[in-house]
Amino acid sequence: MNAMEMKLRLESDLKDALRAGDSLWKNTLRLALSSIRLAEIDRGSQLEDSAVIAILQKEIKARHEAIEDAQRAGRPELEEAAQAEIKVLQVYLPQALSPEELEAQAKQVIAELGATSPREMGQVMKALLPRLAGRATGDQVSQVVRKLLQ
């Protein structure tokens, strides 16, 4: 699915949510589309698939932070709302890699680059992240690469 198709799918699903009166989907998709449009305006052109995925991941990360804040504040209803929004956004992300698949990809890139020390982690990350295309978070990739280069 390319970025234009993904954006059209988000807009189509938003229309369906509006027709169905589903406020959770409606609000979540409006926020995601708003972030995508803002990024397009900043960039001055349509976003690529990887950029749209990155925006959705950023939205999910923001919801995880909201969950932590809600837990600290003792607000279980806000925590549940953020969890529900995460589930909606995850529908649009590619299938996540298993830890074993992620480690295999990281080993392959390390071998290709001939990296042997943690000082070369930046080079490995630069080569690896585009290959994963949103199927793993930067934190997950960083942990695996750091472990393998130790």
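Residue numbers count from 1 along this sequence.
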Exercise. Nearest 0.5 Å, what's the CG-CZ distance between Leu10 and Arg30?
Worked result: 14.0 Å
Exercise. Does some side-chain heavy atom of Arg9 sit less than 4.5 Å from a side-chain heavy atom of Val91?
Worked result: yes
Under 3.5 Å donor-acceptor pairs involving side-chain atoms of residues 113-128, not counting sequence neighbours:
{"residue": "Ser117", "atom": "OG", "partner": "Arg119", "partner atom": "N", "Å": "3.4"}
{"residue": "Glu120", "atom": "OE1", "partner": "Thr116", "partner atom": "N", "Å": "2.6"}
{"residue": "Glu120", "atom": "OE1", "partner": "Ser117", "partner atom": "N", "Å": "3.0"}

Exercise. How about Ile67 and Leu78: do any of their side-chain heavy atoms sit closer than 4.5 Å?
Worked result: no
For this session: If a pair satisfies side-chain hydrogen bond (donor to acceptor under 3.5 Å, both in side chains) and one of its residues is in residues 76-85, list it, with sequence neighbours excluded.
Result: Arg63-Glu85, Gln71-Glu79, Arg75-Glu77
Exercise. Among all residues two or more places apart in sequence or in another chain, which pass the side-chain hydrogen bond (donor to acceptor under 3.5 Å, both in side chains) test with Asp16?
Worked result: Arg19
Exercise. Below 4.5 Å, heavy atoms only, C-beta onward: do Val52 and Lys7 meet side chain to side chain?
Worked result: no
Exercise. What residues form a side-chain hydrogen bond (donor to acceptor under 3.5 Å, both in side chains) with Ser12, not counting sequence neighbours?
Worked result: none
Exercise. Are Leu33 and Met6 grouped together when hydrophobic residues (ILVMFWY) are joined by side-chain heavy atoms under 4.5 angstrom apart?
Worked result: yes
For this session: Output all residues satisfying side chain to side chain contact (heavy atoms under 4.5 Å, CB included) with Ala32, sequence neighbours left out; order by chain, then residue number.
Result: Leu56, Leu89
Problem set entry | With Pro94 via side chain to side chain contact (heavy atoms under 4.5 Å, CB included) - residues at least two apart | Ile53, Arg135
For this session: Ignoring hydrogens and angles, state whether a donor on the side chain of Thr137 or Gln57 is under 3.5 Å from an acceptor on the partner side chain.
Result: no
For this session: Enumerate the residue pairs fulfilling salt bridge (Lys or Arg N to Asp or Glu O under 4.0 Å) with a member in residues 89-101, sequence neighbours excluded, ordered by first and then second residue.
Result: none
Problem set entry | Co-membership, hydrophobic cluster, residues Leu47 and Leu93, 4.5 Å side-chain | yes
Problem set entry | Residues which pass salt bridge (Lys or Arg N to Asp or Glu O under 4.0 Å) with Asp69, listed by chain and number, not counting sequence neighbours | Arg72
Exercise. Does the side chain of Glu59 reach to within under 4.5 Å of the side chain of Ser35, using non-hydrogen atoms?
Worked result: yes
Exercise. Do Tyr92 and Ile60 have side-chain heavy atoms sitting under 4.5 Å apart?
Worked result: no
For this session: Not counting sequence neighbours, which residues clear side chain to side chain contact (heavy atoms under 4.5 Å, CB included) with Ala62? List them please.
Result: none
List the atom pairs, with distances to 0.1 Å, where a side-chain N or O of residues 143-150 and a protein N or O form a donor-acceptor pair under 3.5 Å, not counting sequence neighbours.
{"residue": "Arg146", "atom": "NH2", "partner": "Ser142", "partner atom": "OG", "Å": "3.3"}
{"residue": "Lys147", "atom": "NZ", "partner": "Glu103", "partner atom": "OE1", "Å": "3.2"}

Exercise. Who are the side chain to side chain contact (heavy atoms under 4.5 Å, CB included) partners of Ser34, not counting sequence neighbours?
Worked result: none
Problem set entry | Ion pair check, Arg37 and Glu11, cut-off under 4.0 Å | yes
